[in-house]
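Naming: A, B, ... by sequence-line order, numbering from 1 per chain.
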Amino acid sequence: MQRYLLRRILLALVTLLAVSLIIFVMSRAAGDPRHVYLDDYSTQEDWDRLTASLGLDKPYYQQYGIFLGSALKGDFGESIKEGRPSMEVIIERLPATFQLGLAAFAFSVIVGVPLGILSAVKRGTFLDMVGKIVALVGQSAPVFWLGLMLVFLFAVRLDWLPPYGRQEISSIVLPAVALGWFYAAANLRLLRSAMLNVLDSEYVKLARAKGVSNNAVIWKHSLRNALIPVLTFAGITLGSLVTGSLVVETVFAWPGLGQLAIQALAGNDYPLLQAVVIVFTLMYVTAALLVDIMYAYIDPRIRYA
Amino acid sequence: MAAEGTLVVQPAPMPARIARRAWQLRRWPLIPMFILALFIVTGVFAPLIAPHDPERGGLRDRNLPPAWEEGGSSEFLLGTDHLGRDMLSRVIFGARISLVVAAVTLGVGMGIGVASGLAAGWYGGWIDEVLMRVVDIKLAIPTILLALVLVLALGQSFLIIVAVLAIAVWPRFARNVRGEVLQLKTMDFVALAKVAGASTPRILFIHIFPGVINTLIVLATLEVGIVILLESTLSFLGAGVPPPTPAWGSMVSDGRDRLAVAWWISTMPGLAIMATVLSMNLFGDWLRDRLDPRLRQLG
């Protein structure tokens, strides 16, 4: 168990290091960072100060060291557009992203789990069909397009919900559905096939044979075992919801990290973009790590492998 | 089930799982296959099929609705966009972009994946360790983010997009090929080939590689949908193949602020993406059940 955990943590750290290296190389490949920060009105003094603080007069590996050192302190330089530390800008945006992520996650569980169970138990019925359609749409429709279609239907045509922004409480409904649909579909599919396998297993047959009621078979004997793959996936989901937010926040003008990343991209705000990417990766890697730990805890086969 | 003692001859009831599979296998996914064929044909022959120039329009014709809506004309079956360009022609040419990007990306990604998978599985040891850790790291980095960083730093071009997407797809191939090789290399025919004095490249390509092909085909079909979605997401975010080339993702983005005035600008290309990806997934599922049920968990 300890060895397994150690390996996982090490991998997470190496991943972060790799991302920081990619970002460093890319930021240098993008051009001289001094040109990014300084303009025609800057003095030679500014130039020299920046050269020293970024270590541009030193060899590349030392520059990377300096970059890494300040990144560890949360210092990614000033956002060009905002004129203040990138980290500050990011922290302001975090609550909105977490809020949206949680809402989407809730949607994916509320829709995916019951529909998954029902479509397995009532296989071949109308409910199963509905489940199938929800799953197929979720896995094939591009998230950004799904979002726009929701806006068109519920905001433009029906005028039930606000089309974008974060002013009202109801503003969160459409982006959460758009973001959560894909994962609802995944939950549904996973749970359906896991339930079908379990319902087909020897111990469920035994339970039925000894006269356990249908409800008890489904809820006690089957669901508990079928939930294991769903739980793992739920964990992975938490991480990749972060990425999904890039698209959805852009579509719905939701003022979170994803929108910030795209704005940084559009405005060539490299210092801000690299900070956002590091923060995103950190969240992603942490979520994956937590899932691995949780999974090892739930399923002893992994612990001793 | 027949009651005890009756003489009615009945086929033994099949276990649900087998019955389900048999039922699935009998049906060819005709509609998905038709849509995929349509996708490929329009992609390849786009200039011959498209009724208009996809990149040129007249301002006089802008925001025209599809032919079946009020005010639509039969000249522009799916309507026109905000610059008066024919939607149908743009969707047709968009198929071409998606098709080319998907084909090149999968070719490159599969090449890298197969090469590293073969090497990792066959040689084992540190080569395996290093390659598989690289795969782990790649899978731990959110693809779209990585792509955005690369595009901003290196510029927006077809080559960059393909490179970015190839980086995104190769790890899956590498991991699965490695797994297959690990099994195959313990087989008797491989030992025999070794005894007979076959060189390592010969064993890898003549004896082992054919055993991997099924897995590859299935994986590739399942990955096409992912690649098309990724490509369209990138172009929606403005980091795809540069405009005015009509890519489905950027077309959806064109219509974003015009939903109330001209809903078809966003809707049509999105439908095209969904139809293609959906068909690819259904076809891939079917192929997987046919060729390689072991891949089932990959889903």
query = Where does A:Val143 contact chain B at under 4.5 Å (heavy atoms): side chain, backbone, both or neither?
reply =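 The answer is neither part of A:Val143.
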| Contact origin within A:Ala141 toward chain B - heavy atom pairs under 4.5 Å |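 Contact with chain B involves both backbone and side-chain atoms of A:Ala141.
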If you round to the nearest 0.5 Å, how far is [atom2] of [Y] from [atom1] of [X]?
| X | Y | atom1 | atom2 | value |
| --- | --- | --- | --- | --- |
| B:Thr233 | A:Leu246 | OG1 | CG | 10.0 Å |
| A:Leu136 | B:Asn281 | CG | CG | 8.0 Å |
| B:Leu229 | A:Phe182 | CG | CZ | 8.0 Å |
| A:Phe152 | B:Ser266 | CZ | OG | 10.0 Å |
| B:Ile228 | A:Ser140 | CD1 | OG | 11.0 Å |
| B:Thr267 | A:Leu148 | OG1 | CG | 8.5 Å |

Check your understanding: Are A:Phe144 and B:Ser232 close enough, and set up right, to give a side chain to side chain contact (heavy atoms under 4.5 Å, CB included), and what steps lead you there?
Key -> CA-CA 9 Å; A:Phe144 55 89; B:Ser232 66; 3.7 Å; yes
Looking only at heavy atoms, what is the nearest atom pair of A:Gln139 and B:Val277, with distance?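 Closest approach of A:Gln139 to B:Val277: O-CG1, 4.2 Å.
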Legend entry - Side-chain touch B:Pro269/A:Trp145, heavy atoms, less than 4.5 angstrom: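 Heavy-atom side-chain distance check fails, nothing below 4.5 Å.
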| Does a side-chain heavy-atom distance below 4.5 Å link B:Phe236 with A:Val251? |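 A side-chain contact exists here, since the closest heavy-atom pair is under 4.5 Å.
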Is it the case that more than 12 heavy atoms not belonging to [X] sit under 6.0 Å from its [atom1] atom?
| X | atom1 | answer |
| --- | --- | --- |
| A:Leu17 | CG | yes |
| A:Met129 | CE | no |
| A:Lys122 | NZ | no |
| B:Phe34 | CZ | no |

Given the options B:Leu146, B:Leu271, B:Leu282, which has more heavy-atom pairs under 4.5 Å with chain A than any of the others?
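The residue among B:Leu146, B:Leu271, B:Leu282 with the greatest pair count is B:Leu271.
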Among the listed options A:Thr250, A:Ile23, A:Leu273, the residue most often paired with chain B at heavy-atom distances under 4.5 Å:
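Highest number of pairs under 4.5 Å: A:Thr250.
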(Q) Looking at chain B, which one of A:Ile262, A:Leu16, A:Thr281 has the largest number of heavy-atom pairs inside 4.5 Å, strictly under? (A)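 Looking at each of A:Ile262, A:Leu16, A:Thr281 in turn, A:Ile262 comes out on top.
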